[in-house]
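Reading through the structure tokens given below for one structure.
Numbered from 1 within each chain, the chains take letters A, B, ... in sequence-line order.
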2 protein chains.
Amino acid sequence: MTTDEAAATAAAAAPTGLRERKKQRTRGALVRTAFELFTRQGYDETTIDEIVEAVDVSQRTFFRYFANKEEVAFATQGAAEALCFDSLCARPTGEAPLTALRTAVLDAWDRMGETIEELVPTELHLRMYRVIESTPTLLAVHLRRTMEMEERLAREIARREGLDIDEDPRPRLVVAMFGGVIRVTGKLWGERDDLSTTALRDIAAHQLDYVGPALAEHWSKNH
Amino acid sequence: MTTDEAAATAAAAAPTGLRERKKQRTRGALVRTAFELFTRQGYDETTIDEIVEAVDVSQRTFFRYFANKEEVAFATQGAAEALCFDSLCARPTGEAPLTALRTAVLDAWDRMGETIEELVPTELHLRMYRVIESTPTLLAVHLRRTMEMEERLAREIARREGLDIDEDPRPRLVVAMFGGVIRVTGKLWGERDDLSTTALRDIAAHQLDYVGPALAEHWSKNH
DNA sequence: GAGGCTAATGTCAGCCTCTGACATTTGACA
DNA sequence: TGTCAAATGTCAGAGGCTGACATTAGCCTC
């Protein structure tokens with residue numbers, strides 16, 4: 001999935017001929033139109049026919065670009081995930097796993113804007129994220145994608161630490177716990193009014209400060 | 001969802017009249033037949049028509065018992081989740097959150113057998129779990145259900161500790177982290193040959209022992 | 001135990017997602 | 001310009017799911 005998205009982005013950056021450019025234009029139009037309809041009237045309330053009619057292509061063409069209706073909804077998420085993974089790979093090997101993950105995510109969110117803007121307006125991307133969080137079908141898919149992402153992160157952590165991922169449970173564990181924090185962050189952010197990446201950053205940083213305390217044997221009543 | 005499942009189980013235990021008994025029989029037949037077909041030939045490869053033909057009811061009847069094809073696949077999971085939640089509620093208030101969660105889950109797995117057996121043979125339930133883990137669509141739904149479950153657990157933890165869940169992030173965090181461990185456990189168990197609940201217990205206990213070490217600043221190279 | 005009430009089921013038409021097969025158009029490139 | 005291949009369109013159809021309406025079958029009362 002990430003490979004596909006990366007390839008698509010790379011191709012968009014360096015279009016070879018007219019054919020390739022046209023393809024990117026069609027794909028982009030489908031994504032933007034879908035996002036607009038999904039955010040305006042809801043995911044379930046939008047049919048493929050509406051999307052393809054607005055873009056003026058056949059339904060069959062839609063399904064040649066996207067395997068299913070869900071996939072178009074995650075067009076920008078793929079780029080975001082790739083960014084996050086790359087950030088982790090860029091962290092120095094000496095850094096402790098949890099620290100590296102934390103820094104990588106915050107880092108990725110900082111660089112998010114420019115990358116996303118190439119595909120759709122950032123504001124639309126953020127509004128779409130809320131649609132994903134509030135649409136049961138999409139939320140389910142999102143969680144599965146997140147799980148796949150976590151597996152990749154765990155393998156990278158294992159590589160950094162020189163461990164065999166099938167022998168030592170710690171890489172998967174630390175990523176799973178970290179993923180839990182991020183998920184809670186996303187949820188809280190989705191419930192707020194502040195639709196900005198800085199708000200997202202703040203919540204995440206705040207949550208991560210509580211990882212230690214939350215695992216303590218006994219919690220003091222005041223926080 | 002849990003309320004529905006609990007109600008269904010309760011009704012099965014004390015059927016009032018012939019009407020109610022017939023309904024439970026139909027529901028049970030649908031679940032068992034679906035499980036059998038799903039585990040034998042796969043979820044995607046099984047059509048609703050196949051199920052209803054084997055049970056000899058109309059397709060419309062199926063959709064009156066289950067909102068969609070996915071729901072029947074989670075018929076026994078609902079009971080398992082309820083059991084887990086009840087176990088947590090039964091833990092003494094003095095127990096530390098993480099300890100209570102750990103004990104509750106291990107406890108629930110011990111009592112799983114009897115509860116499930118009322119619905120379908122336990123072995124079928126376990127085989128079905130593997131189908132869920134290995135079918136993308138079902139895995140996605142499973143993760144969403146898990147997330148909803150985690151929200152309920154977090155609220156119970158907050159209640160036990162006398163905290164406001166919207167003010168203090170720790171309840172959601174500890175549950176999210178714990179959930180991560182359980183998810184890894186389920187995944188590892190699904191990949192093994194040993195299809196028993198005791199194996200599940202062992203893996204979980206082993207994983208939980210690593211929660212502390214995984215969060216440590218630096219990991220020693222030997223485990 | 002006949003008859004009315006209502007819950008459960010069946011039937012049917014139709015929408016939406018998604019796929020395979022085949023025809024048509026349109027860049028690319030010699 | 002003409003050939004090749006890639007992209008798109010058209011069409012038929014399977015499978016999931018729903019609303020509307022008809023039919024069946026427990027239940028309850030007199």
Name all residues meeting the ring-ring contact (aromatic ring centres under 6.0 Å, His included) criterion together with B:Tyr129; count only those two or more places apart in sequence or in a different chain, and write none if there are none. B:His142, B:Trp189
According to the salt bridge (Lys or Arg N to Asp or Glu O under 4.0 Å) rule, which pairs have a member within residues 53-68 of chain A, sequence neighbours left out? none
In whole Å, I'd like the distance from the [atom1] atom of [X] to the [atom2] atom of [N].
X: B:Arg64; N: D:dG19; atom1: CZ; atom2: C1'; answer: 10 Å
X: A:Phe63; N: D:dA14; atom1: CZ; atom2: C1'; answer: 14 Å
X: A:Arg60; N: D:dA12; atom1: CZ; atom2: P; answer: 15 Å
X: A:Arg25; N: D:dA7; atom1: CZ; atom2: C1'; answer: 14 Å

Using the heavy-atom set of chain A and a strict 4.0 Å cut-off, write down the first and last nucleotide of DNA chain C that makes it in, 5' to 3'.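 Listing 5' to 3', DNA chain C meets chain A from C:dC16 to C:dA28.
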Summary of protein contacts for nucleotides 24-30 of chain D, nucleotide by nucleotide, where a base hit scores B, a sugar-phosphate-only hit scores S (4.0 Å, heavy atoms): --BS---
Quick one: closest heavy-atom pair of B:Thr122 and B:Ile116, and the distance? CA-CG2, 4.2 Å
Go nucleotide by nucleotide along DNA chain D from the 5' end; which of B:Phe66 and A:Ser58 gets its closest nucleotide reached first?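 Final value for this comparison: A:Ser58.
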[X]: which residues meet the side-chain contact (heavy atoms from CB on, under 4.5 Å) condition with it, sequence neighbours left out?
X: A:Arg201; result: A:Leu106, A:Trp109, A:Asp110
X: B:Glu50; result: B:Leu37, B:Gln41, B:Thr46, B:Thr47
X: B:Arg155; result: B:Glu151, B:Ile165, B:Arg172
X: B:Asn68; result: B:Glu70, B:Glu71

Set of residues satisfying salt bridge (Lys or Arg N to Asp or Glu O under 4.0 Å) with respect to [X], sequence neighbours excluded:
X: B:Glu150; answer: A:Arg183, B:Arg183
X: A:Lys69; answer: none
X: B:Arg19; answer: none

A:Ser87-A:Arg111 side chain donor-acceptor pair, cut-off 3.5 Å: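 Yes - a donor-acceptor pair under 3.5 Å links their side chains.
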What does A:Tyr65 touch in the nucleic acid at a heavy-atom separation under 4.0 angstrom: a base, only the sugar-phosphate, or nothing? sugar-phosphate
Residues from residues 35-54 of chain B sitting under 4.0 Å of DNA chain C, heavy atoms only? none
